[in-house]
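Inspection log for the structure reproduced underneath, given as structure tokens.
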Amino acid sequence: MPRRPTRPPPLLADFDDEERDAVLAANRAFYRAFNDRDYAAMEAIWAPAGAMVCLHPGQPPLHERVDILESWRGILRHPESPRVRCIGEWVIGRVGFALVVCREVLANGQLMATNSFVRSGTGWHMVGHHSGPVPSIETERGQAGATLATRDRRKLH
């Protein structure tokens, strides 16, 4: 019996560097909105409708856009809201859907985040954000722990 030609797994098919760069730009816009305390930018990053979820560390999941944006309004307005530096972005995706896994470096610890994006006619929009604490590693700015290996995160495997 002849073998069928191998194909990439569906999650990895048809997702090129241009798409990956656009997803990374959306992910970076999310962190820029967070650090700039820019609610209008945060609102624009989240998808205008559809299924979505946001899980802030130690909090119950939020599924409604209005609740998610209200949580961000509170975070962005809070005077002690942390600044977050995103490092080690790793992207996987397929046409119209992508995940970014990254480390969030804060002044008092580190989190790992998974950010989910969907593509619409207006670009990539967030439909999911989930972050939680992880052991700290050393980063380029000299925090404690093991050294973060630098590698090309654009490769899918």
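On a predicted model such as this, the values are computed, not experimentally measured, just so you know. Only heavy atoms go into these numbers, but all of them, side chains included; no hydrogens, no water, no symmetry mates.
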Side-chain atoms of residues 119-127: list all donor-acceptor pairs with protein atoms under 3.5 Å, sequence neighbours left out, distances to 0.1 Å.
from	atom 1	to	atom 2	distance (Å)
R119	NE	E19	OE2	3.0
R119	NH2	E19	OE2	3.1
S120	OG	T122	N	3.2
S120	OG	T122	OG1	3.1
S120	OG	G123	O	3.4
T122	OG1	H125	NE2	2.8
H125	ND1	A44	O	3.2
H125	ND1	I45	O	3.4

Check [X] against [Y] and note the closest heavy-atom contact, atom names and distance.
| X | Y | result |
| --- | --- | --- |
| S71 | H56 | OG-NE2, 3.0 Å |
| R65 | A47 | NE-O, 2.6 Å |
| S131 | E104 | CB-OE1, 3.5 Å |

> So F30 and H129, would you call those rings parallel, tilted or perpendicular, with 30° and 60° as cut-offs?
Replying inline: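 Judged by the thresholds at 30° and 60°, the geometry between F30 and H129 is tilted.
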Spacing of [atom1] belonging to [X] relative to [atom2] belonging to [Y], to within rounding of 0.5 Å:
| X | Y | atom1 | atom2 | result |
| --- | --- | --- | --- | --- |
| M112 | H130 | CE | NE2 | 11.5 Å |
| E89 | I87 | CD | CD1 | 10.0 Å |
| D38 | R32 | CG | CZ | 9.5 Å |
| L69 | M52 | CG | CE | 8.0 Å |
| W46 | F117 | CH2 | CZ | 8.5 Å |
| I92 | L99 | CD1 | CG | 4.5 Å |

> When Ile, Leu, Val, Met, Phe, Trp and Tyr are grouped by side-chain heavy atoms lying under 4.5 Å apart, directly or through other members, which residues fall in the same group as L55?
Replying inline: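 For the cluster that includes L55, the remaining residues are V53.
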> With side chains defined as the heavy atoms from C-beta onward, is the minimum distance between Y31 and C102 less than 4.5 Å?
Replying inline: yes
>> Determine whether a donor-acceptor pair (N or O, by modelled atom type, separation under 3.5 Å) exists between the side chain of S81 and the backbone of I75.
In response: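 Yes, the answer is positive, given that a donor and an acceptor are paired below the 3.5 Å cut-off.
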